[in-house]
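So the structure is just underneath, and the comments pick up after that.
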Amino acid sequence: MEVKIVETNKKDYMELLLLADEQEDMIDKYLDRGTLFTLYDDGLKSVCVVTDEGDGGFEIQNLATDPRYHGKGYGRYLINHVCRYYAGKGSVMYVGTGDYPPAVSFYENSGFAFSHRIENYLIDNYDNPIFENGVQLFHKVYLKRNL
């Protein structure tokens, strides 16, 4: 596996980024200021965008794996890579996700713990309702992991 940082033409990865964040204008809010990591293993498998939130805090804004490769460890590998990359540069990595239990569990199983929650974030900030496996999501759950 090889992880690369993309510095130009980040929008070339929009198709994959939209799997994790369904609205392009929301991605535009962090893509240019974030670091885009790509994971290759005989082709592109996953992407991750991390932003510097100041005061030693970084945030995974987007983590997406090509659906054909879900459950193969690529997302977890990329999370561990970016946490190692930012170790020594900050103290904590945050991630925000919809209030969908399998997504929250994925991050908890990747070393994150609950931090806080923003009520109605998804309905207040997105043009259309967001559904995951037929369940409408309303809130944004933040988790954190010490670096």
Side-chain angles (χ1 to χ4, degrees), residues 1-40 44-67 69-71 73-132 135-147:
M1 285 188 262
E2 181 182 11
V3 177
K4 298 178 181 178
I5 293 177
V6 175
E7 296 182 11
T8 59
N9 302 318
K10 294 178 184 179
K11 286 200 172 211
D12 290 351
Y13 299 87
M14 190 59 70
E15 184 177 345
L16 201 49
L17 292 165
L18 284 166
L19 294 174
D21 196 341
E22 298 177 11
Q23 196 166 302
E24 190 169 340
D25 69 330
M26 293 297 280
I27 294 170
D28 289 340
K29 291 179 180 181
Y30 56 78
L31 187 58
D32 284 340
R33 70 183 183 93
T35 302
L36 174 60
F37 295 85
T38 56
L39 172 63
Y40 291 87
L44 179 64
K45 300 297 190 265
S46 298
V47 295
C48 180
V49 179
V50 178
T51 56
D52 184 340
E53 298 301 312
D55 295 325
F58 294 91
E59 183 177 341
I60 294 173
Q61 296 283 351
N62 191 307
L63 175 68
T65 298
D66 183 320
Y69 306 108
H70 282 183
Y74 292 117
R76 188 154 315 183
Y77 183 91
L78 198 46
I79 286 171
N80 289 329
H81 177 87
V82 299
C83 286
R84 283 190 310 272
Y85 180 87
Y86 287 102
K89 297 176 180 151
S91 58
V92 66
M93 180 67 71
Y94 291 96
V95 64
T97 189
D99 55 335
Y100 183 61
V104 172
S105 292
F106 169 77
Y107 288 110
E108 288 174 336
N109 291 331
S110 298
F112 288 81
F114 179 81
S115 172
H116 61 285
R117 165 181 159 130
I118 300 177
E119 297 290 320
N120 298 317
Y121 180 89
L122 300 175
I123 59 174
D124 291 343
N125 290 281
Y126 285 82
D127 294 340
N128 298 304
I130 295 179
F131 290 88
E132 193 69 47
V135 176
Q136 185 175 357
L137 307 182
F138 297 95
H139 316 296
K140 188 170 188 178
V141 177
Y142 277 92
L143 299 103
K144 64 182 179 179
R145 175 175 161 175
N146 292 332
L147 295 175

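Keep in mind that what you see is a predicted model, and the values were worked out from it rather than measured.
The stretch residues 95-111 participates, sequence neighbours left out, in these side-chain hydrogen bond (donor to acceptor under 3.5 Å, both in side chains) pairs: Arg76-Ser110, Tyr100-Asn133.
Under the 3.5 Å distance criterion, with hydrogens and angles disregarded, a donor-acceptor pair is assigned to the side chains of Tyr142 and Lys140. For Tyr126 and Asp21, the side-chain atoms include at least one donor-acceptor pair closer than 3.5 Å. Looking only at atom types and distance, the side chain of Thr51 has a donor-acceptor partner in the side chain of Gln61 under 3.5 Å away.
Every ring pair (Phe, Tyr, Trp, His ring centres under 6.0 Å) that Tyr86 has, sequence neighbours left out, goes to Phe58. The salt bridge (Lys or Arg N to Asp or Glu O under 4.0 Å) check on Glu22 picks up nothing, with sequence neighbours excluded. Partners of Lys4 according to the salt bridge (Lys or Arg N to Asp or Glu O under 4.0 Å) rule, which considers only residues two or more places apart in sequence or in another chain, do not exist here. With sequence neighbours left out, His139 forms a ring pair (Phe, Tyr, Trp, His ring centres under 6.0 Å) with no residue at all. Scored by the salt bridge (Lys or Arg N to Asp or Glu O under 4.0 Å) test, Asp66 finds Arg68 as partners (sequence neighbours excluded).
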Verdict with supporting geometry, Lys11 and Asp28, salt bridge (Lys or Arg N to Asp or Glu O under 4.0 Å): CA-CA 9 Å; Lys11 286 200 172 211; Asp28 289 340; 2.8 Å; yes
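Judged purely by atom type and a 3.5 angstrom limit, Asp55 has no side-chain atom pairing as donor or acceptor with the backbone of Gly57. Looking only at distances, no side-chain donor or acceptor of Lys144 sits under 3.5 Å from a matching main-chain atom of Ser115. Listed for the Gln136 side chain is no donor-acceptor partner under 3.5 Å among the backbone atoms of Ile130. Asn62 places a side-chain N or O within 3.5 Å of a backbone atom of Leu17 that can act as its donor or acceptor partner.
In this structure, Tyr85 has its ring center under 6.0 Å from that of Phe37.
Listed here is the closest heavy atom pair of Glu24 and Leu18: N-CD2, 3.8 Å.
Contact of the Ile79 side chain with the Cys48 side chain is not registered, since no non-hydrogen atoms from C-beta on lie closer than 4.5 Å.
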